[in-house]
Participant: 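Below are the structure tokens for one structure; questions will follow.
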Amino acid sequence: HASLLPRYRGAAPINWAIREGHSETGITIMRMEPGMDSGPILHRISTPIEPTDTAGTLTRRLAGLGADALVESLALLQMGRLVPVPQDESLATYAPKIDRRTTRVNWGGDATSVSRDIRAFDPEPGGWSTLQGAEIKLFGARPAEGSGRVGEVLNTEPAFTVATGAGAVEIAEVQPSGKSRMPATAWSRGRGAAPGQVFE
């Protein structure tokens with residue numbers, strides 16, 4: 001399972017770990033039982049969640065760790081050192097399925113939380129917002145300097161920057177509805193957005 005159980009049982013542990021701002025996650029090898037990801041823990045490997053991690057980069061790293069964890073677990077089993085440890089139910093948290101409401105960007109948060117909102121769903125399904133009535137997916141977010149109305153486009157050059165509830169975020173790429181993912185600055189040059197417009 002792609003979390004350090006009992007934290008984030010369920011369908012989307014990688015996305016929720018980023019969105020909620022955790023500094024660490026990992027892989028858990030467990031014994032299966034009827035409950036949802038509730039079986040005894042056999043082995044765990046942890047990894048830090050970097051400030052620039054997206055769901056995509058973290059998924060790839062955890063895939064490698066998963067292979068390592070399985071090999072280590074089999075070695076421990078052969079040595080008779082694989083001891084099941086019951087999960088502490090009082091520490092259990094859940095990572096429900098991602099839906100459209102979950103992936104809508106809340107610009108009212110501070111720059112760090114808005115950045116996490118976007119990185120948690122990058123590359124799929126993509127954090128989204130609307131601008132001038134059109135849906136736009138957003139990628140490659142990081143906190144930046146700036147202030148303005150919540151959701152206001154502050155700059156399009158040299159970087160595409162949007163105001164949040166406290167601070168601003170720089171957006172690297174966008175995907176307008178029905179189009180391919182592209183650099184946010186190139187999109188704005190093509191009249192996709194202009195300073196003063198507001199994401200909702």
Side-chain angles (χ1 to χ4, degrees), residues 2 8 11-25 47-62 93 95-200:
Y8 291 130
I14 296 171
N15 308 90
W16 286 102
I18 293 174
R19 192 180 190 215
E20 297 300 313
H22 290 285
S23 60
E24 182 184 53
T25 189
T47 185
I49 299 177
E50 303 294 344
T52 56
D53 267 327
T54 65
T57 61
L58 191 53
T59 295
R60 290 191 291 273
R61 190 156 73 250
L62 288 172
T93 60
K97 289 181 180 179
I98 303 302
D99 60 21
R100 180 171 169 79
R101 182 177 59 183
T102 306
T103 59
R104 184 163 193 166
V105 177
N106 174 18
W107 297 103
D110 63 25
T112 299
S113 66
V114 172
S115 174
R116 291 197 311 257
D117 275 355
I118 294 170
R119 291 188 292 107
F121 308 115
D122 181 352
E124 294 291 341
W128 66 278
S129 188
T130 59
L131 185 73
Q132 303 292 94
E135 182 177 318
I136 310 295
K137 290 186 177 181
L138 306 151
F139 307 95
R142 65 178 184 177
E145 296 293 326
S147 63
R149 291 176 293 164
V150 171
E152 180 183 359
V153 178
L154 300 176
N155 297 295
T156 58
E157 296 282 356
F160 192 91
T161 310
V162 181
T164 68
V169 291
E170 182 180 311
I171 307 296
E173 294 182 298
V174 299
Q175 184 177 5
S177 182
K179 296 185 179 181
S180 300
R181 187 165 161 169
M182 67 183 75
T185 51
W187 174 63
S188 63
R189 287 188 213 112
R191 298 185 181 180
Q197 293 178 340
V198 177
F199 279 98
E200 298 177 350

Participant: Where the side chain of Arg119 meets the backbone of Thr54, is there a donor-acceptor pair that is under 3.5 Å apart?
Facilitator: no
Participant: Using only atom types and a distance under 3.5 Å, with no angle test, would you say the side chain of Trp107 pairs donor to acceptor with the backbone of Val114?
Facilitator: no
Participant: If you compare all heavy atoms of Val153 against all heavy atoms of Ala194, which two are closest, and at what distance to 0.1 Å?
Facilitator: CB-O, 3.6 Å
Participant: Kindly compute the distance separating OG1 (Thr102) from CG (Asp117), expressed to the nearest 0.5 Å.
Facilitator: 10.0 Å
Participant: Could you walk me through whether Val105 and Phe199 pass the side-chain contact (heavy atoms from CB on, under 4.5 Å) test, one step at a time?
Facilitator: CA-CA 9 Å; Val105 177; Phe199 279 98; over 6 Å; no
Participant: Please tell me if the side chains of Thr57 and Glu50 come closer than 4.5 Å, counting only heavy atoms from C-beta onward.
Facilitator: no
Participant: For Glu173, check side chain to side chain donor-acceptor pair (under 3.5 Å) against everything at least two apart and list the hits.
Facilitator: Arg181
Participant: Output every pair passing salt bridge (Lys or Arg N to Asp or Glu O under 4.0 Å) with a member in residues 98-111, not counting sequence neighbours, ordered by first then second residue.
Facilitator: Arg100-Glu135
Participant: Dump the intermediate steps for side-chain contact (heavy atoms from CB on, under 4.5 Å) on Thr93 and Glu20, then the final yes or no.
Facilitator: CA-CA 12 Å; Thr93 60; Glu20 297 300 313; over 6 Å; no
Participant: State which residues pass side chain to side chain donor-acceptor pair (under 3.5 Å) with Gln175; sequence neighbours excluded, sorted by chain then number.
Facilitator: none
Participant: Working to the nearest 0.5 angstrom, can you tell me the gap between Glu124 CD and Thr59 OG1?
Facilitator: 11.0 Å
Participant: Would you compute the distance between atom CD1 of Ile171 and atom OG of Ser188 and round it to the nearest 0.5 angstrom?
Facilitator: 12.0 Å
Participant: Counting N and O atoms only, with roles assigned by atom type, does the side chain of Lys137 sit under 3.5 Å from a partner on the main chain of Pro125, one being a donor and the other an acceptor?
Facilitator: yes
Participant: A side-chain contact here means heavy atoms from C-beta on lying under 4.5 Å apart; do Ile18 and Phe121 qualify?
Facilitator: no
Participant: Restricting to pairs with a member in residues 165-185, which pass ring-ring contact (aromatic ring centres under 6.0 Å, His included), not counting sequence neighbours?
Facilitator: none
Participant: Start with the C-alpha distance between Val162 and Glu152, add both sets of side-chain angles, then the distance that settles side-chain contact (heavy atoms from CB on, under 4.5 Å), and finish with yes or no.
Facilitator: CA-CA 5 Å; Val162 181; Glu152 180 183 359; 6.0 Å; no
Participant: Of all the heavy-atom pairs spanning Ala144 and Glu170, show the shortest one and how long it is.
Facilitator: CB-N, 3.9 Å
Participant: When rounded to the nearest 0.5 angstrom, what is the spacing between CZ in Arg149 and CG in Leu154?
Facilitator: 9.5 Å
Participant: Any side-chain heavy atom of Pro158 sitting closer than 4.5 Å to one from Thr185?
Facilitator: no
Participant: Taking all non-hydrogen atoms of both residues into account, name the closest pair between Thr164 and Ala111 and its distance.
Facilitator: OG1-N, 3.3 Å
Participant: So, Arg116 side chain and Ala17 main chain: donor-acceptor pair closer than 3.5 Å or not?
Facilitator: no
Participant: For residues 182-195, pull every pair meeting salt bridge (Lys or Arg N to Asp or Glu O under 4.0 Å), keeping only residues two or more places apart or in separate chains.
Facilitator: Glu157-Arg189
Participant: Once you round to the nearest 0.5 Å, how far does CG of Asn15 lie from CD1 of Ile98?
Facilitator: 4.5 Å
Participant: When you compare the side chain of Ile14 with that of Thr25, does any pair of heavy atoms fall below 4.5 Å?
Facilitator: no
Participant: Any side-chain heavy-atom pair from Asp53 and Arg61 closer than 4.5 angstrom?
Facilitator: yes
Participant: What heavy-atom pair brings Ser147 and Ala163 nearest, and what distance separates the two atoms?
Facilitator: C-CB, 4.2 Å
Participant: Between Val150 and Gly108, what is the shortest heavy-atom contact and its length?
Facilitator: CG1-N, 3.7 Å
Participant: Flag the pair Ile136 / Pro176 as yes when at least one side-chain heavy-atom distance between them is below 4.5 Å, and no otherwise.
Facilitator: yes
Participant: Measure across Ala141 and Ser115 and return the closest heavy-atom pair with its distance rounded to 0.1 Å.
Facilitator: O-OG, 3.1 Å
Participant: Please list all pairs meeting ring-ring contact (aromatic ring centres under 6.0 Å, His included) that have one or both residues in residues 134-177, counting only residues at least two apart or in different chains.
Facilitator: Phe160-Trp187
